[in-house]
Amino acid sequence: MTENATSADTPILTERDGPIVTVTLNRPEKLNALTVDAWRLLGDTFLALSADDDVRCVVLRGAGEKSFSPGNDISEFETSRSNTVQARTYGAIMRRTIEAVGQCRHPVVAQIHGICVGGGMEIASLADVRICGTGSRFGVPIKNLGLVMSYSELSPLVRLVGPDVALGILLEGTIFGADEALRLGVVTRVVPDDQVAAEAMATARRIAAGAPLVARWHKKFVRRIINGAPLTDAERDEAFDCFDTEDFRTGYRAFLAKQTPQFNGR
C-alpha cells in the first residue's frame with residue numbers, strides 16, 4: 001500500500017491497494033468535520049483519481065470509527081462563511097468538490113462509521129454504494145443553524161432519496177438511525193459496526209474484479225438516464241462499444257473456459 005501523507009495535519013489522506021484507493025477525511029479530533037481546505041483537497045483528490053485509468057474503485061471514509069463526518073466545521077464560519085460574499089466563495093469550492101466526487105468515473109463506496117450528518121451525509125450520498133454500521137446516525141439539521149442547502153449540495157440527496165424524502169429530512173431536521181437510513185434509501189447496506197470496514201473493502205474488491213470499462217460505462221449511463229433528456233442515437237449506440245474491447249473477449253472466453261477473467265481495462 002502507498003499513502004500520500006502521514007501527517008495529522010493533512011485533512012485528506014489517500015491510500016492505494018492495487019486498483020483500490022481509500023480516501024480518508026482526516027480530522028479525527030474534530031470527528032472529521034470539514035474545513036474549506038478539506039473541501040478543496042477532496043475535490044483535487046477526486047479529480048486526479050477520476051483521470052487515473054489504473055483505479056477501479058474508490059473507498060471513501062472518515063478517520064477512525066466514531067464518525068464519517070458531521071459536516072462543515074462550524075467554528076470556521078466566523079472567518080470563512082460569515083456573510084453572503086464569503087459564503088458564495090466557500091460554496092464554489094464545495095460545488096467543485098461535489099461535482100468531482102459525483103462525476104468520478106470509477107465506482108465509489110462510502111464506508112460509514114458513526115456520525116454522518118450535514119455535509120457528511122451530502123458527501124456520502126455521492127457514493128455509488130453506501131455501507132454503514134448499526135450504530136450510524138444520519139440527518140441534515142441545518143434548519144437549526146439558519147442555513148440553506150445550496151442547489152449543488154441538495155441535488156445528490158434529491159436524486160438519491162427523491163424530493164419528498166429529501167424535503168422531509170430538511171424540514172424536520174431530525175437525526176435518524178441506520179435502519180431508517182436503509183428504509184429511506186440513504187444507505188445501501190447496514191452491517192454490525194465492527195464489520196463496516198471489512199464489508200466496504202469486500203465490496204470494493206468485488207467491484208475491482210469486474211471489467212473496469214463496464215463499471216465506468218454503467219456509471220455514465222445511469223447518470224445520463226437520471227438526466228431525463230431524450231437519448232440520441234449515438235448515445236444508444238455507445239452501449240455496444242464494449243463488444244470491441246479486449247475485456248469483452250477476455251470475459252466471454254473465461255466464462256466458456258470456466259475460468260476467472262483477468263481484465264486489463266482495454
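In this text, all values refer to a predicted model and were calculated from it rather than measured experimentally.
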Nearest heavy-atom pair of [X] and [Y]: which atoms, and what distance?
X    : Y    : result
P107 : A215 : CG-CB, 3.8 Å
I12  : N26  : N-CB, 4.4 Å
P70  : L31  : CD-O, 2.9 Å
E153 : P156 : O-CD, 3.3 Å
T35  : Y90  : C-OH, 3.6 Å
W39  : N72  : NE1-OD1, 2.6 Å

Check: [X] side chain, [Y] main-chain N or O, donor-acceptor pair, under 3.5 Å:
X    : Y    : answer
S80  : F77  : no
D247 : A211 : no
R130 : V186 : yes
S69  : N32  : yes

Within 6.0 Å of [atom1] in [X], more than 12 heavy atoms from elsewhere:
X    : atom1 : value
R95  : CZ    : no
R88  : CZ    : no
Y252 : OH    : yes

With sequence neighbours left out, what residues match E180 under salt bridge (charged side-chain N to carboxylate O under 4.0 Å, His left out)?
-> R183
May I ask you to test the [X]-[Y] pair for a side-chain heavy-atom distance under 4.5 Å?
X    : Y    : value
K219 : H106 : no
E15  : V23  : no
S155 : S152 : no
I123 : L42  : yes
F176 : V117 : no
T134 : V190 : yes
F46  : V108 : yes
D73  : R27  : yes

side-chain contact (heavy atoms from CB on, under 4.5 Å) between R137 and I112: does it pass, once the steps are laid out?
-> CA-CA 9 Å; R137 294 292 180 266; I112 302 169; over 6 Å; no
Starting at [atom1] of [X], measure out to [atom2] of [Y] and round the result to the nearest 0.5 Å.
X    : Y    : atom1 : atom2 : value
I98  : I93  : CD1   : CD1   : 12.0 Å
I115 : I175 : CD1   : CD1   : 9.0 Å
N264 : L213 : CG    : CG    : 8.5 Å
S136 : E65  : OG    : CD    : 10.5 Å
F243 : R249 : CZ    : CZ    : 12.0 Å
C132 : H113 : SG    : NE2   : 10.5 Å

Among the clusters formed by ILVMFWY side chains lying less than 4.5 Å apart, do [X] and [Y] turn up in the same one?
X    : Y    : value
M201 : L25  : no
L145 : L170 : yes
L49  : W217 : no
F248 : L256 : yes
L147 : L154 : yes

Do [Y] and [X] meet the salt-bridge criterion of a basic N to acidic O distance under 4.0 Å?
X    : Y    : answer
E76  : R81  : no
D128 : R223 : no
D233 : R236 : no
R266 : D53  : no
E199 : R206 : yes

S82 side chain to Q86 side chain, donor-acceptor N/O pair below 3.5 angstrom = yes
Check: S125/E122 side-chain N/O donor and acceptor closer than 3.5 Å = no
Determine, step by step, whether E172 and K143 satisfy the side-chain contact (heavy atoms from CB on, under 4.5 Å) criterion, reporting the C-alpha distance in whole Å, the side-chain angles of both residues, the deciding distance to 0.1 Å, and the verdict.
-> CA-CA 8 Å; E172 295 189 64; K143 72 181 184 69; 5.6 Å; no
Parallel, tilted or perpendicular: which describes the rings of H218 and F221, with under 30° parallel and over 60° perpendicular?
-> perpendicular
Stepwise side-chain contact (heavy atoms from CB on, under 4.5 Å) test for R61 and V109 | CA-CA 9 Å; R61 62 165 299 169; V109 176; over 6 Å; no
Could you go through the side-chain contact (heavy atoms from CB on, under 4.5 Å) check for V55 and R16 one step at a time?
-> CA-CA 9 Å; V55 176; R16 187 183 290 257; 3.7 Å; yes
